[in-house]
Structures are given as structure tokens and as C-alpha cells.
Amino acid sequence: MNDSHETGHRLRDRAAFAVPSRVVKAPVLIVGAGMAGLSAAWWLDRQGMRDYLMLDAESAGGGNSRWGESPSGPYPWAAHYVPVPGGGATLLRTLLEELGVLHNGEFEERYLCHSPQERLFLHGSWQDGLEPELGATRTDHAEYRRFQQLLNDFAASGEFRIPLAAGARRRVDLDQLTFSAWLDREGFRSPYLRWYADYACRDDYGMQAADTSAWAGIHYFAARRETDEKGPLTWPEGNGWIARRLIDRVGAARLRTGEFVAHLARSGSRWRVTGSTAVYEADIVIFAAPSYLLPHLIPSQAAVAALPRRTYAPWLTANLWLDRWPTERGLPIAWDNLLYRSPALGYVVATHQNLRQRQDQTVWTYYWALAGRDPAEGRRQLLQRSWRSWSEAILTDLSQAHPDIRACVSRIDLMRFGHAMARPTPGFLQTLLPRSPLPGLYLANSDVSGLSILEEAQFQGVEAARGALKCLQRRG
Ligand SMILES: Cc1cc2nc3c(=O)[nH]c(=O)nc-3n(C[C@H](O)[C@H](O)[C@H](O)COP(=O)(O)OP(=O)(O)OC[C@H]3O[C@@H](n4cnc5c(N)ncnc54)[C@H](O)[C@@H]3O)c2cc1C
């Protein structure tokens with residue numbers, strides 16, 4: 001189990017942090033080496049601005065796109081795929097071209113998720129795809145079709161785009177109610193369709209449909225329709241594959257890990273940033289850590305105190321090392337494997353892209369959004385329940401579909417994410433964060449928009465870097 005929450009809680013409890021005596025100067029300081037911070041660095045490098053440092057509290061970069069290593073290969077700790085970007089997604093396509101994933105408009109075959117991609121364990125057997133089919137009645141199917149038609153219309157409206165800033169925001173009325181309330185209003189009663197909609201919200205936002213903004217619920221389905229048929233793009237270590245390459249470009253000399261930022265203060269026209277091993281003096285700070293930290297890091301600043309507050313979803317993920325594969329009934333194992341009505345979100349097979357060369361051992365990454373109504377209660381559970389209790393719950397869940405799972409697993413590692421992602425609750429469209437709340441401070445985390453996905457993190461990181469470059473130019 002990871003335990004980096006302790007330092008964060010000291011910040012929350014206003015404990016005193018030692019101020020290191022070493023002072024390091026840098027024109028630009030990036031706080032946070034998740035996809036947003038790494039994207040800011042990528043953009044600065046592309047523009048020829050290499051004089052920056054990047055700090056991260058954890059022992060390795062990547063944030064929610066971190067990965068681990070096992071004898072059967074690497075595996076993700078959280079983010080594990082990117083939908084194939086459409087023609088309009090120029091930033092992501094530029095990056096993927098640089099990384100050799102996209103050549104002349106074609107995606108490298110080995111990075112497109114191989115078949116079988118998804119299966120659902122329903123009524124005691126596996127079915128292909130995640131939309132429940134086994135036992136679905138004509139009424140259920142009629143609702144599926146009506147739902148898809150509405151989503152096609154929403155997609156065609158140009159409102160639901162990635163990044164969020166690329167779309168118009170005319171239907172703010174849809175941000176005034178929950179996704180469940182919208183489904184009720186539209187007369188969607190099929191228990192299967194309602195389960196599927198709820199699964200989508202738990203999967204992308206870590207929250208139930210009953211708490212999710214209807215605008216965000218629709219966005220999940222409508223924003224990616226253009227490219228749904230092919231892909232997604234995935235790698236054994238998930239989005240860690242991209243993070244790893246961006247981290248390599250930043251390089252060890254510029255990335256300082258294990259550097260928890262505990263304080264930021266203006267000092268003349270510069271920023272003084274207190275880390276664990278040094279105080280950094282910078283002209284510009286690109287803040288790519290989550291924004292809920294800012295009032296703790298920059299106390300008594302009216303502009304910071306006035307920032308819209310978001311709530312964050314707690315998540316648990318587990319990596320199960322398997323010495324052998326469980327016996328399968330029915331369909332062969334897929335990349336993404338989901339159990340109907342499970343409290344969790346199933347598992348992804350890290351060795352899936354190698355399945356052509358069948359391996360004896362594998363790693364399954366199991367996802368569990370603690371999507372109860374009160375995220376604070378989920379965080380309490382994360383802290384209070386033991387490794388044994390979580391592992392037992394995971395194995396019990398998986399046993400429904402894999403009765404021999406306990407005999408196959410040799411190791412279970414857990415990761416607790418207390419504040420994994422911003423929750424798009426009703427009204428979130430009104431709470432987009434300002435890019436630069438204070439002079440020389442640029443916000444970059446995906447929570448600026450409130451949608452926690454790789455494309456959004458990349459966009460926010462690049463926009464923050466653009467702002468920082470303009471500011472440097474102005475200052476000469
Ligand atoms: C379980 C899970 C599964 C996901 N799956 C997907 C997926 O498949 N596809 C997808 O597109 N998205 C997925 N996401 C969303 C994911 O959050 C985004 O894709 C993206 O990685 C977010 O990047 P970020 O840089 O905005 O934030 P983060 O990844 O949270 O990065 C913030 C960084 O700031 C650092 N930090 C925090 N506090 C401090 C401090 N005080 N000092 C210094 N550093 C600090 C953190 O250590 C972290 O590295 C998933 C998220 C989770 C939790």
C-alpha cells in the first residue's frame with residue numbers, strides 16, 4: 001500500500017514544515033509531474049525553453065499515469081488508455097506522432113487495443129462488450145437505441161468536445177441537474193441502461209450517476225463518438241508508456257522527485273517555493289498539482305481563497321500478480337473485464353497486448369472508485385481498512401467469475417488515491433478555474449476544467465506553458 005498521504009495531511013493540519021537552507025534558482029518551476037506538468041514541460045521544450053525545473057512529491061513522476069514493473073512486464077497503477085484521437089485533436093496527435101504512435105495519419109497497430117477488447121460477466125457467464133445484452137428485452141433494446149440517437153444528436157451539436165474548451169457551452173441547463181435526473185426526465189427506465197450509465201460515471205469520474213452533472217454524463221458518451229470504432233490506444237503500463245517517455249525528455253537533472261511543495265509565497269516579482277530539500281526561487285510557477293492544495297500552500301491570499309472549490313473522488317487500485325491464468329468459462333479473457341453490479345470496475349490485463357505470445361504469468365489491474373455520496377467517507381475507508389480487508393473484498397468480487405482466482409494470485413499490491421480526480425458535480429461548468437490567479441502563477445492540472453482525462457491534462461499543461469512563455473517574453 002502506498003502511504004504518501006501523511007505529508008499531505010500535515011499540510012491540511014497546518015503543521016510546521018522545516019524550511020531547507022539550500023536555495024535553487026530557476027526561471028520556471030513546474031510543480032507536479034503528472035500528465036499536466038509533463039505536458040507543460042513538453043511544450044516548453046518544443047518552444048526551445050529548456051531552463052525549467054520540475055518537482056514532484058512522489059518518489060517517481062507520472063501522477064495518475066504512474067506504472068510498476070513485474071516479472072511478466074510493466075503494468076499501470078491508474079490511467080490505462082487513450083481513446084484514438086480524431087482529426088481535430090491536434091495537440092495529442094502531435095505528441096503521438098513524436099512518440100511514433102501515429103505515422104502519416106495511421107496509428108501503429110501494436111498500440112491499438114487487440115481483440116477481444118471488452119467483456120461483461122452477467123447472469124453467470126461472459127458476454128462480448130460492456131452494454132448488457134444477456135437477458136435484455138425488446139424494451140431494453142428500444143431504450144438503448146433511443147439513448148444512442150440522443151447521444152448522436154448531442155455529438156453533432158459540437159458542444160461536447162475534448163478538451164472541454166473546444167466545445168460551445170450552450171446547454172448549461174444540463175449542468176443544473178444530475179445525470180440520473182436527466183435519464184428520469186427522458187424516460188429511461190431500463191435497469192440495464194441505468195446500470196451502464198452509472199458504470200460510465202464511476203469509471204470516468206469516480207462518482208455515481210446520481211451525483212454527476214448531466215452535462216458531464218453526456219460528455220462521457222458524446223465527446224468520443226467520432227473515433228469509437230477503433231482503438232483505444234493502450235500499452236502494458238497504460239498511459240505510463242507516454243508518461244515514461246515524457247519523463248525521459250525532462251531528464252533526471254530537471255526532475256526532482258520526493259520533493260513535496262509545502263509553501264508558495266511572492267517575494268518581489270518572483271516566487272519562493274518551499275520544497276522538502278530546497279527553497280526554489282522562480283520567475284514563474286506552473287502549478288500542475290491539484291488546485292485544492294493552493295489555499296494550504298498560499299494562505300491569506302484573497303485571490304486563492306476565492307478560487308472555486310472542487311470535491312475529489314477517492315479510488316483504490318490493485319495489481320494482482322498471477323502465476324497462472326484462472327480457468328475460463330465461455331468467452332476468452334479480454335483487455336477490459338467487468339462484472340455486472342460489482343461495487344468495483346473490474347480489471348484490465350496488463351499483458352493483453354502480448355497475448356499473441358501467450359505468457360504463463362500476468363498482472364491484472366483492478367479498479368475500484370469509492371463512489372459513495374460522500375467522498376470523505378470513501379477516504380476514511382481507504383485509510384482505515386487494512387490490506388487484508390481490501391484484498392479479501394477484491395478476491396471475493398473476482399471469485400464470482402473466477403472461482404479458482406485465489407489459487408492463481410501470488411501477490412496483491414494496493415494503491416490508495418485519496419483525491420484521485422475532480423468530481424464534475426452539477427454546476428461544475430460554472431467553476432472553471434482561472435489560468436493565472438496571481439502574477440506569474442499558472443494553473444495546469446486537469447482539475448482546471450474538472451474533467452480528469454489525459455487529453456484534458458495535456459491541454460491544460462500546454463495552455464499553462466503558453467501563458468508562462470508569454471509572461472517571460474513580456475518581462476524581457
Ligand atoms: C484510477 C484512475 C484511472 C484512470 N484512468 C484513466 C484512463 O484510462 N485514461 C485517461 O485518460 N485518464 C484516466 N485517469 C485520469 C487521470 O487522472 C488523467 O488522465 C491524468 O493522468 C491526470 O493528470 P494530472 O497531471 O492532471 O494530475 P495528476 O496525475 O494527479 O498529477 C498531479 C501530480 O502532482 C503531484 N503533487 C501533488 N501534490 C504535490 C505537492 N504538494 N508537491 C509536489 N508535487 C505534488 C502528484 O504527486 C502528481 O504527480 C484515471 C485516473 C485514476 C485515478
Side-chain angles (χ1 to χ4, degrees), residues 1 66-81 109-134 199 203 231-241 315-369 387-415:
M1 305 245 274
R66 256 171 294 170
W67 70 97
E69 302 284 346
S70 78
S72 56
Y75 53 81
W77 268 118
H80 51 287
Y81 75 96
E109 194 67 35
R110 73 195 133 133
Y111 304 132
L112 289 167
C113 184
H114 300 159
S115 183
Q117 292 183 354
E118 297 167 332
R119 62 177 184 167
L120 174 67
F121 191 73
L122 174 65
H123 306 316
S125 55
W126 290 103
Q127 63 145 72
D128 189 24
L130 300 185
E131 204 174 74
E133 287 292 336
L134 290 172
Y199 152 74
D203 190 46
L233 294 164
T234 190
W235 302 266
E237 63 273 64
N239 296 2
W241 188 89
W315 280 71
L316 179 83
T317 61
N319 274 299
L320 286 78
W321 297 26
L322 276 69
D323 282 344
R324 68 173 175 82
W325 297 76
T327 319
E328 283 297 344
R329 287 176 300 176
L331 288 183
I333 195 154
W335 168 67
D336 191 6
N337 304 268
L338 180 61
L339 280 67
Y340 184 64
R341 292 222 161 125
S342 156
L345 294 159
Y347 63 92
V348 164
V349 178
T351 52
H352 179 80
Q353 295 298 90
N354 315 336
L355 276 183
R356 286 188 196 142
Q357 312 130 31
R358 172 94 188 181
Q359 293 179 233
D360 291 337
Q361 298 174 332
T362 185
V363 174
W364 290 2
T365 309
Y366 181 92
Y367 291 87
W368 194 336
W387 174 89
R388 183 167 299 282
S389 161
W390 284 118
S391 301
E392 191 49 42
I394 292 167
L395 291 171
T396 303
D397 183 41
L398 289 174
S399 301
Q400 298 174 63
H402 303 292
D404 56 344
I405 186 72
R406 288 166 200 275
C408 306
V409 172
S410 60
R411 171 171 166 164
I412 301 179
D413 293 335
L414 303 179
M415 183 77 86

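Side-chain contact between Trp364 and Pro326 is present, with at least one heavy-atom pair separated by less than 4.5 Å. A 4.5 Å side-chain heavy-atom check between Leu134 and Ser125 finds at least one atom pair inside the cut-off. Side-chain contact between Ile394 and Leu316 is present, with heavy atoms from C-beta onward closer than 4.5 Å. Using a 4.5 Å heavy-atom cutoff, the side chains of Val409 and Leu398 are not in contact. Contact annotation: the side chain of Tyr340 never approaches that of Gln400 to less than 4.5 Å [non-hydrogen atoms, C-beta and beyond].
Ile412 and Ala318 get closest at one heavy-atom pair: CG2-CB, 4.3 Å. Across every non-hydrogen atom of Pro76 and Ala350, the tightest pair is CD-CB, 4.3 Å. Across all their heavy atoms, Trp315 and Asp203 have their closest contact at CH2-O, 3.5 Å. Minimum interatomic distance between Ser399 and Ile405 (heavy atoms only, all atoms of both residues): OG-CG2, 3.7 Å. Residue Arg329 comes nearest to Ala401 through the heavy atom pair NH2-O, 3.5 Å, listed as atom of the first residue, atom of the second, then distance. Nearest approach of Val363 to Ser70, heavy atoms of both residues: CG2-OG, 3.3 Å.
A donor-acceptor distance shorter than 3.5 angstrom exists from the side chain of Gln127 to the backbone of Gly129, with no hydrogens or angles considered. Side-chain atoms of Asp404 come within 3.5 Å of backbone atoms of Thr327 as a donor-acceptor pair (strictly under, hydrogens ignored). Listed for the Asp360 side chain is no donor-acceptor partner under 3.5 Å among the backbone atoms of Asp323. Between the side chain of Tyr199 and the backbone N or O of Leu345, no donor-acceptor pair lies under 3.5 Å.
Within the model, atoms CG of Asp336 and CG of Leu120 stand 10.0 Å from one another, a figure rounded to the nearest 0.5 Å. To the nearest 0.5 Å, atoms CG (Leu130) and CG (Leu338) are separated by 5.5 Å. Here the CG atom belonging to Asp413 is positioned 9.0 Å from the CH2 atom belonging to Trp387, to the nearest 0.5 angstrom. Rounded to the nearest 0.5 Å, atoms CG (Leu414) and OG (Ser389) are 10.0 Å apart. Here OG1 of Thr362 is found 7.0 Å from CD1 of Ile333. Values are rounded to the nearest 0.5 Å. Note that CG of Leu112 is 9.0 Å distant from CD of Gln117, once rounded to the nearest 0.5 Å.
For the ring pair (Phe, Tyr, Trp, His ring centres under 6.0 Å) with His80, the lone residue among Trp335, Trp235, Trp67 that qualifies is Trp335. For the side-chain hydrogen bond (donor to acceptor under 3.5 Å, both in side chains) test with Asn354, the passing option among Arg110, Gln359, His114 is Gln359; the others fail. Under the side-chain hydrogen bond (donor to acceptor under 3.5 Å, both in side chains) test applied with Asn337, the options Arg119, Glu118, His402 reduce to a single match, Arg119.
A cation-pi contact, defined as under 6.0 Å to the ring centre and within 45° of the axis, is absent between Arg66 and Trp77.
Residues Trp368 and Trp390 bring their aromatic ring centres within 6.0 Å.
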- Would you check, one step at a time, whether the test side chain to side chain contact (heavy atoms under 4.5 Å, CB included) holds for Trp241 with Leu233? CA-CA 11 Å; Trp241 188 89; Leu233 294 164; over 6 Å; no

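Side-chain contact of Asp397 with Tyr366: a donor-acceptor pair under 3.5 Å is present, judged by distance alone.
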